[in-house]
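Structure, as structure tokens:
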Amino acid sequence: MEETPTKSLNFIEQFIEEDLENGSYSHLHTRFPPEPNGYLHIGHSKSICLNFGLAKKYGGKCNLRFDDTNPSKENVEYVESIKEDIRWLGFEWDNLQHASDYFDQLYEFAVNLIKEGKAYVCELTPEEMAEHRGVPTSPGKESPFRNRSVEENLDLFERMKNGEFPNGSKTLRAKIDMTSPNMHLRDPVIYRIQKSHHYRTGDKWCIYPMYDMAHGTGDSIEGITHSICTLEFEVHRPLYEWLNNSIWPEKKGLPRQIEFARLNLNYTIMSKRKLLELVQEGHVSGWDDPRMPTISALRRRGYTPESIRNFCERVGVAKREHVLDVSLLEFSVREHLNKVSERRMAVLNPLKVVITNYPENQEEELEAINNPEDESAGKRKISFSREIFIERSDFMEDPPKKFFRLGPGREVRLRYAYYITCEETIKNENGEIIELRCTYDPETKGGQAPDGRKVKGTLHWVSASHAVEADVRLYDRLFRDENPAGKEDFKDSLNPDSIKILQRCKLEPSLKSAKAGARFQFERLGYFCVDKDSSEEKLIFNRTVTLRDTWAKIAAKQ
RNA sequence: UGUCCUGUGGUGUAAUUGGCAACACAUCAGAUUUUGGUUCUGAAAUUCAAGGUUCGAGUCCUUGCAGGACAACCA
């Protein structure tokens, strides 16, 4: 009688279960609160999986709330992309909210804080304010505007709202403690004047709440129980609680903020600001350029939602900061794609092979397995003829020791077809091999020799007359350094070979009608996906990831 | 010379809360293979340090050390 091993809880799940057991909360309600100022990336997927996953696990709810309190950087394009990406990942929110839904309430809360003497209008310039704030290691000093009368504050704040003052001339600050060792408690700004057009509220507001003012209150308004965020907000927690407790002194079950370590990947940049820079300066074709770490880019590249969810599951949740190896992400896609994608044959760098003893004008259909991992995927027919293409890298004139592929006088198997032996190499005037002359053994049809002789190598191939052509885009890491963000300028680390476009690749004809987004394994090469710009006239494939390549390792060592 | 957070194989994450340090990725070796894929087997490799409590410490205590966060009218 084996006990089924129960999966251990991460620290957030432990908190939640304790909170549920001791009655601090009767249920679970989380939220995912992106700012619509950029596209979601792989790091966000961890937070999405966590928040939506927790809600699902504990029978609770999860809201999607756009933290849209800074109209100068936000827009609807981002809003729409975020919704699409979350749904694509396989999650659906219970309520769709916006911080801007609460602007009226937030204004009232601010007025109440003023009335209670907990907030004041300050006229310090940013420089003066910084000076008054002090530094983390020594206390700050109070603003000269700190002790205005409630009436004056009320009047000024209303006039701020009415647009009577220029941008930056005044702020509303919470009155907390200028000597606190926590900088965020040194009278933080909770409202600023910003006369910009908001994509939802238009020109209604001249003042906008700051993150801290909007975030915790939004959580409380929505009845969020557990407000899960990344580590950098840990120092905000006292302010989060101060604000909530000040606004709702009587309220029970105010949300609990819990922080976890954000996901970092080596060779990758995760900052939205830097990703925007890559887009704006044209280093990539857009937010969904398949080299980007954004969810839309991973989708375009051929990643599956399952693989990303599995990846996030494997990564785990903790407070320790870390840098993950991208190989774990790659493993996760390969693992899933191996199970679900149909196999096809495609020759990326073609080398023509003429099978001299195969009758001209003859062709035949051979049977190929669509997916050895899934019998229900069935079989298909592939055409064979006298002239075929094989991969250039599958032939070597002077092969090294462990090379199992084709060479002068060597015999290999053509997958699902015949054994062939290389008899002659044809070169051009530059001495480059342009064609191989081979003979085939008619007895080996299907790939087995009746006399039982074995060959070490099996090559993929495509019949020359039947092949369809395509562009194939090979991607490599966007950055050469493990930690590009650590460079003086991260763009110095850009990999000049991050994309390689192969033209006139030879593909099995069945690929001609493949629709955008369709994924295949090209045998012996990797997983590929039809790009959104592809058409029947102009086929374009993106390489999602290569297959594990043991030979490449051996070859690299030699 | 502040406050807070974090230290477990190369990389992540666990350890029934004081009882033989495990799982995954990566690495290496072997088997299987009509994909040098998949699959299977095996190997190497881990508790920041020093004291203390205890029969017993990754876990508790003390003192160090290391890394990170915080000084936007960004989120």
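Here is the naming used below: chain letters follow the sequence lines, and residue numbers restart at 1 for every chain.
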| query | Got more than 12 heavy atoms from elsewhere within 6.0 Å of CZ, A:R314? | reply |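 Enclosed: over 12 neighbouring heavy atoms sit under 6.0 Å from CZ of A:R314.
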| query | Want to settle it: does A:Q14 or A:F403 sit nearer the 5' end of RNA chain B, counting the closest nucleotide to each? | reply |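 Its nearest nucleotide lies further toward 5', so the answer is A:Q14.
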| request: Verify, without hydrogens or angle tests, whether A:R524 (side chain) and A:T458 (backbone) share a donor-acceptor contact under 3.5 angstrom. | output: yes
G-U wobble or Watson-Crick pairing nucleotide for [N] (cut-off 3.5 Å, both distances):
N	result
B:rA22	B:rU13
B:rC60	B:rG52
B:rG37	none
B:rC74	none
B:rU1	none
B:rU47	none
B:rC28	B:rG42

Would you say [N] has OP1 or OP2 under 4.0 Å from some side-chain N or O of [X]?
X	N	answer
A:K272	B:rC74	no
A:R524	B:rG36	yes
A:K454	B:rU33	no
A:H236	B:rC70	no
A:T550	B:rG37	yes
A:R262	B:rA69	no
A:R273	B:rA72	no
A:K557	B:rC28	yes

Polar side-chain contact [X]-[N] base: donor and acceptor under 3.5 Å:
X	N	answer
A:R548	B:rG36	no
A:R343	B:rU35	yes
A:E234	B:rG68	no
A:H184	B:rA71	no

| message | Applying a 4.0 Å non-hydrogen cut-off, can you work out what A:R314 is touching in the nucleic acid: base, sugar-phosphate, or nothing? | response | sugar-phosphate
| query | Which part of the nucleic acid does A:N182 contact within heavy-atom distance under 4.0 Å: base, sugar-phosphate only, or nothing? | reply |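 Nothing, no nucleic acid heavy atom in range.
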| said: Checking understanding here: a glycosidic angle within 90° of 0 is syn, the rest anti, so what is B:rU13? | reply: anti
| Is A:E35 salt-bridged to A:K73, cutoff N-O under 4.0 Å? | no
Side chains of [Y] and [X]: any donor to acceptor distance under 3.5 Å?
X	Y	value
A:Q97	A:N63	no
A:R413	A:T444	no
A:S393	A:E391	no

Nucleotide nearest [X] (side chain, heavy atoms from C-beta), chosen from [options]:
X	options	value
A:R415	B:rA69, B:rC25, B:rU35	B:rU35
A:M210	B:rG12, B:rC73, B:rU38	B:rC73
A:Y211	B:rC25, B:rC73, B:rA75	B:rA75
A:E232	B:rG12, B:rA75, B:rG36	B:rA75
A:T69	B:rA75, B:rU35, B:rA14	B:rA75
A:L547	B:rU35, B:rG12, B:rC73	B:rU35
A:M183	B:rU17, B:rC74, B:rA71	B:rA71
A:S8	B:rA26, B:rA14, B:rG36	B:rA14
A:N10	B:rC74, B:rA14, B:rG36	B:rA14
A:R405	B:rG37, B:rC70, B:rG36	B:rG36

| request: Using the salt bridge (Lys or Arg N to Asp or Glu O under 4.0 Å) rule, take A:K7 and A:E13 through it: C-alpha gap first, then chi angles, then the decisive distance, then the call. | output: CA-CA 11 Å; A:K7 203 178 167 305; A:E13 293 169 327; over 6 Å; no
| request: Determine if A:W551 stacks with B:rG36; use a centre-to-centre distance below 5.5 Å and an interplanar angle below 30° as the criteria. | output: yes
| request: Step through it carefully: locate the ring centre of A:Y240, locate the ring centre of A:H236, and say whether they are under 6.0 Å apart. | output: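 No, ring centres 6.0 Å or more apart.
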